[in-house]
There are 2 protein chains.
Amino acid sequence: VTTRALSSTQRSTPRRGTNRARFDRADLHAVLDAGLVCHLALTMPDGPIVVPTTYGRDGDTLYVHGSTGAASLRAGASGVPVCVAVTLLDGVVYGRSVFHNSVNYRSAIVHATATAVLDDATKRHALRVLVEHVAPGSWDYARPPTAKELAATAVLAVDLAEASVKVRTGGPGDEPDDIADFPGWAGSLPLQRFWGQARDADDLRTQVAVPDHVRNRVSQPVSPVAR
Amino acid sequence: VTTRALSSTQRSTPRRGTNRARFDRADLHAVLDAGLVCHLALTMPDGPIVVPTTYGRDGDTLYVHGSTGAASLRAGASGVPVCVAVTLLDGVVYGRSVFHNSVNYRSAIVHATATAVLDDATKRHALRVLVEHVAPGSWDYARPPTAKELAATAVLAVDLAEASVKVRTGGPGDEPDDIADFPGWAGSLPLQRFWGQARDADDLRTQVAVPDHVRNRVSQPVSPVAR
């Protein structure tokens with residue numbers, strides 16, 4: 001765990017809700033490691049686009065991938081500015097006033113210029129990082145990519161130098177008058193995620209046991225809030 | 001349920017993974033109604049930004065809100081193009097090859113020019129829609145917004161005319177050779193969401209029963225995949 005601080009450029013310095021802001025690089029890593037999907041934004045000729053996609057993290061590099069035919073990845077690969085958000089919704093907060101209704105969450109927002117990963121060795125490494133983030137144990141279990149599959153896959157690297165992290169936990173931040181006077185309930189409802197039961201592919205040719213790297217996930221929490 | 005087709009502008013017509021594309025407006029509504037957080041992208045002078053935020057839908061209008069001090073909302077309110085994504089991750093797909101590892105998901109991506117909601121009656125309506133989407137039953141239970149709170153809240157309306165929807169379900173789309181030859185397992189692991197136990201606010205002054213609109217959510221699935 002590194003404690004190198006997050007960047008303090010103007011656009012990545014939280015101005016609002018600063019009580020929720022986190023400033024350690026370890027906080028950024030924790031949010032990115034807990035999430036499974038990121039939202040990658042970039043500017044196309046006719047306006048902004050945002051693309052949901054899986055990702056993986058290696059140190060202070062985030063990798064995303066996709067088909068070489070995807071317009072968003074082609075645009076991102078040309079060295080344009082991108083913004084990447086990873087968001088985990090952890091619950092709903094019920095205030096005494098609707099104004100203080102809120103949600104608990106973990107949020108990381110990264111600003112960077114994406115670069116295309118072009119050499120095969122780094123691309124293969126990035127894909128391993130991606131696959132192992134979403135489906136740990138799969139890289140060594142499944143068939144590795146062929147040269148053709150590798151060529152059909154575009155990988156972008158996003159530097160994590162400039163990022164902001166916010167985390168909200170707990171109950172509502174109600175007004176003193178409401179805390180004193182509101183006769184009703186206030187609190188929060190956590191949102192919890194679990195892996196369900198593994199399902200065999202319909203086209204499995206023979207009865208095959210679910211391998212440990214999948215079976216060990218069943219019924220386990222997904223992206224739990226650290227205690 | 002309306003069956004008006006989704007738009008067919010070039011940028012909102014899926015070119016890739018067209019077997020996953022859905023074209024009915026009801027499919028768009030279903031994804032938006034199942035999600036709780038959207039990612040709003042817009043272009044700032046120094047590049048794209050993406051902001052996670054809650055939302056609500058009324059017919060073919062999506063509402064997002066935030067503090068009037070938030071730079072992103074100020075920018076969005078000036079009539080600039082935005083892109084809004086709502087993504088639900090429904091599971092991990094384990095392919096026989098890492099190339100066909102994938103995820104199951106529901107995705108809606110909307111392109112629009114956001115407009116600021118300025119008149120108080122519409123703003124109040126939009127906030128009700130927002131609150132009731134995230135925390136149904138809260139609008140009539142909690143204290144309504146004061147004029148000052150209303151003034152401190154910026155609301156953007158996003159027209160849902162131009163949108164694309166993709167849904168992936170099921171197992172891996174493996175290569176025929178892998179289906180025939182790979183000796184191991186392939187399949188999928190669903191990601192399931194549930195509401196946990198309600199937690200009283202720390203500053204609750206008296207013992208108050210959790211109201212029905214919250215209690216009825218406890219242990220219920222969140223955003224389940226329709227059967």
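Every chain is numbered from 1, with letters handed out A, B, ... down the list of sequences.
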Which region of Gln220(A), side chain (C-beta onward) or backbone (N, CA, C, O), has a non-hydrogen atom less than 4.5 Å from a non-hydrogen atom of chain B, or is it both or neither? neither
Under 4.5 Å, counting heavy-atom pairs only, tell me which of Arg217(B), Glu149(B), Arg205(B) racks up the most with chain A. Glu149(B)
One should read off an interatomic distance between Glu132(B) CD and Asn101(A) CG, to the nearest 0.5 angstrom, of 9.0 Å
Just by modelled atom types, is the Trp185(A) backbone N or O under 3.5 Å from a matching donor or acceptor in the Tyr141(B) side chain? yes
Look at the rings of His213(A) and Tyr94(B) and say which category their plane angle falls in: under 30° parallel, 30 to 60° tilted, over 60° perpendicular. perpendicular
Side chain / backbone / both / neither for Gln207(B) at chain A, heavy atoms under 4.5 Å: neither
Minimum side-chain heavy-atom gap Leu189(B)-Val218(A) below 4.5 Å: yes
For the interface with chain B, which of Met44(A), His100(A), Arg193(A) has the highest count of heavy-atom pairs at distances below 4.5 Å? Arg193(A)
Measuring heavy-atom distances to chain B, does Ala209(A) have an atom under 4.5 Å in its side chain, in its backbone, in both, or in neither? backbone
Comparing Ser188(B), Gly47(B), Ala85(B) against chain A, the one with the most heavy-atom pairs below 4.5 Å turns out to be Ser188(B)
Any chance you could measure Thr87(A), atom OG1, to Leu36(B), atom CG, to the nearest 0.5 Å? 12.5 Å
So do Pro190(A) and Gln197(B) actually touch side chain to side chain, heavy atoms under 4.5 Å? no
Out of curiosity, Leu191(A) CG to Ser223(B) OG, how far, rounded to the nearest 0.5 Å? 7.0 Å
Applying side-chain contact (heavy atoms from CB on, under 4.5 Å) to Val37(A) and Tyr105(B), what does each step give before you reach the verdict? CA-CA 10 Å; Val37(A) 167; Tyr105(B) 62 87; over 6 Å; no
Quick one, Thr54(A) and Val103(B) - any side-chain contact, counting heavy atoms below 4.5 Å? yes
Looking at chain B, which one of Ser97(A), Pro211(A), Ser138(A), Ser102(A) has the largest number of heavy-atom pairs inside 4.5 Å, strictly under? Ser97(A)
Ion pair check, Arg96(B) and Asp203(A), cut-off under 4.0 Å: yes
Under 4.5 Å from any heavy atom of chain B - which part of Val222(A): side chain
Relative to chain A, which segment of Leu89(B) carries a heavy atom at a distance below 4.5 Å: side chain, backbone, both, or neither? side chain
Reported NE2-to-CD1 distance for the pair His111(A) and Ile49(B), which is rounded to 0.5 angstrom: 7.0 Å
Contact class of Val131(A) relative to chain B, heavy atoms under 4.5 angstrom: side chain
Check whether any side-chain heavy atom of Arg128(B) lies under 4.5 Å from a side-chain heavy atom of Val98(A), and answer yes or no. no
Report which part of Asp174(A) has an atom under 4.5 Å of a heavy atom belonging to chain B: side chain, backbone, both, or neither. neither
Part of Val84(B) within contact of chain A (heavy atom distance under 4.5 Å): backbone
Which bit of Ser107(A) comes within less than 4.5 Å of chain B, counting heavy atoms only: side chain, backbone, both or neither? side chain
Counting heavy-atom pairs under 4.5 Å to chain A, which of Cys83(B), Gly187(B), Pro48(B), Pro81(B) comes out on top? Pro48(B)
Who among Gly184(A), Gly171(A), Pro172(A) has the most heavy-atom pairs with chain B under 4.5 Å? Gly184(A)
At what distance, to the nearest 0.5 angstrom, does OG of Ser219(B) lie from CD of Gln192(A)? 8.5 Å
Below 4.5 Å, heavy-atom pairs only: which of Val214(A), Val134(A), Asp202(A) has the largest tally toward chain B? Val214(A)
Part of Pro145(A) within contact of chain B (heavy atom distance under 4.5 Å): both
Measuring from atom CZ of Phe99(B) to atom OG1 of Thr153(A), what distance do you get when rounded to the nearest 0.5 angstrom? 4.5 Å
What are the two closest non-hydrogen atoms of Val208(B) and Pro183(A), and how far apart are they? CG2-O, 3.9 Å
Cut-off 4.5 Å, heavy atoms of chain B, and the answer for Asp178(A) is side chain
